[in-house]
Chemist: 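To start, I am sharing the structure in question, which I have written as structure tokens.
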2 protein chains.
Amino acid sequence: MSPAGTTEATPDLPRMAAWQRFLRAHARVTELLERELAAEQGLPLGWYDVLVQLSNAGGRLRMHDLARAVLLSRAGLTRLVDRMAAAGLAGREPCADDRRGTFVTLTPAGQERLRAAAPVHLRGVQEHFARHISPGEAHEMSAVFDRILAAIESRH
Amino acid sequence: MSPAGTTEATPDLPRMAAWQRFLRAHARVTELLERELAAEQGLPLGWYDVLVQLSNAGGRLRMHDLARAVLLSRAGLTRLVDRMAAAGLAGREPCADDRRGTFVTLTPAGQERLRAAAPVHLRGVQEHFARHISPGEAHEMSAVFDRILAAIESRH
DNA sequence: ACGCAATCGTTGCGCGTGCAACCAGAATAA
DNA sequence: TTATTCTGGTTGCACGCGCAACGATTGCGT
């Protein structure tokens, strides 16, 4: 996606310029990171993200929570976990106290794969994103994005 | 996509936090804008973007240039233009001086559709993005994104 | 001039996604 | 209890995308 209120006469040009570059930067960086991780580790970015979230959660997470953490619809996550389970990187366990729930688990193979992929990905983020930002700018951007997210997520 | 070097011990936490929020903010905002434009105008964001780019270019643009402007592969753009042409919003013209090229043109119906959709989209960007950014922050973010984009696009 | 590489746009193909419908289990109310 | 509603996860379906391969045209090298 890349909508752009480019030249239409709006009162706030600087903000619209920021919006435009925001979109381009996101597209280019994620595209590049995806490519690098796939080339060096044969791992899609979405898979890596699932592995990270599972690892951070201690090895198991319910589908619903994982879907929210991973910015994916529940349907999409179902299929993604199918693939990762088929590859041996994740597993499913029934949830005892809520019998309609399912836990997704991080298998040893998944841990190993994450361990191998993390440095590659982190290097990419450093090289293509973080490197260009001063600590002060990082704080400022975090604050801005927090305001944006808060406004959106509070419309229940 | 939403990779995240969340808790791994990296020396620069603030930058990684910015990265994480950057991804979430992009996902949420574009998702919302897409939804709003579809609901109020029955127009996908990608279509709107094409209309804007054509309009800014004076009504005609070659496939290759349009694809770059619109952050889409050439194959993807071929199909998108197919759909928009079928809907009467865009047309194709052969290119005289380079006979393998094709111009995409903005039809009157396309102009009208853009005229109707622009206020909705711009309001959305204002409401969900620009509103939360001070002019100073906007400049700073533009500068940051420019550095990021320059670094990526200069790897020929 | 010729041949070879590069570029433009299109097409076949497979893949990943969201939406809506669905079923099973849980929570609330009477 | 039973009826109603809500939530969690999976499935059918259609759609939009990128990749790789292709035909057509252009430009470069010699």
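Note that the structure is a prediction, hence the values are computed from the model and not measured. So you know, we letter chains A, B, ... as the sequences are listed, proteins then strands, and number each from 1.
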Chemist: With no hydrogens and no angle check, do the side chains of B:Gln41 and B:His121 hold a donor and an acceptor under 3.5 Å apart?
Modeler: no
Chemist: Could you write nucleotides 7-16 of chain D as a row of B, S and -, 5' to 3', where a protein heavy atom under 4.0 Å of any base atom gives B, of only sugar-phosphate atoms gives S, and otherwise -?
Modeler: BSBBBBB--S
Chemist: Take atom CG of B:Leu80 and atom P of C:dG9, then tell me their distance rounded to the nearest Å.
Modeler: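 Distance, rounded to whole Å: 14 Å.
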Chemist: Once you round it to whole Å, what is the distance between P of C:dG16 and CE of A:Met84?
Modeler: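 Nearest whole value for this atom pair: 12 Å.
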Chemist: C:dC15 C1' sits how many Å from A:Glu34 CD, rounded?
Modeler: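 It is 12 Å, rounded to the nearest whole Å.
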Chemist: Donor-acceptor pair, distance only, cut-off 3.5 Å: does the side chain of B:Arg15 make one with the backbone of A:Ile133?
Modeler: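 Pair found, side chain donor or acceptor close to backbone of A:Ile133.
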Chemist: What residues, two or more places apart in sequence or in another chain, satisfy side chain to side chain donor-acceptor pair (under 3.5 Å) together with B:Arg60?
Modeler: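 Partners of B:Arg60 under the side chain to side chain donor-acceptor pair (under 3.5 Å) test: B:Glu93.
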Chemist: Establish, with yes or no, whether the OP1 or OP2 oxygen of C:dT7 is under 4.0 angstrom from a side-chain nitrogen or oxygen of B:Arg99.
Modeler: no
Chemist: Residues two or more places apart in sequence or in another chain: which of them pass side chain to side chain donor-acceptor pair (under 3.5 Å) with B:Arg147?
Modeler: A:Glu137
Chemist: Using whole Å, report how far CZ of B:Arg28 lies from C1' of C:dG18.
Modeler: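 Distance, rounded to whole Å: 14 Å.
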Chemist: For A:Ala67, which residues count as a side chain to side chain contact (heavy atoms under 4.5 Å, CB included) partner, sequence neighbours excluded?
Modeler: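 Once residues adjacent in sequence are excluded, the partners of A:Ala67 under the side chain to side chain contact (heavy atoms under 4.5 Å, CB included) criterion are A:Arg74, A:Leu77.
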Chemist: Tell me the interatomic distance from A:Arg68, atom CZ, to C:dG18, atom P, rounded to whole angstroms.
Modeler: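 Those two atoms, CZ and P, are 15 Å apart.
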Chemist: Who passes side chain to side chain contact (heavy atoms under 4.5 Å, CB included) against B:Gln126, sequence neighbours left out?
Modeler: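 Per chain and number, B:Gln126 pairs via side chain to side chain contact (heavy atoms under 4.5 Å, CB included) with A:Asp12, B:Ala130, B:Arg131.
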Chemist: For the helix from C:dA1-D:dT30 to C:dA30-D:dT1, what angle lies between the axis at the first five pairs and the axis at the last five pairs, to 10 degrees?
Modeler: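 About 30° separates the two local helix axes.
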Chemist: Examine A:Ile152 and A:Met141 and state if one hydrophobic cluster contains both, with Ile, Leu, Val, Met, Phe, Trp and Tyr joined whenever side-chain heavy atoms are less than 4.5 Å apart.
Modeler: yes
Chemist: For the residue pair A:Ser142 and B:Pro14, what are the closest heavy atoms and their distance?
Modeler: OG-O, 4.1 Å
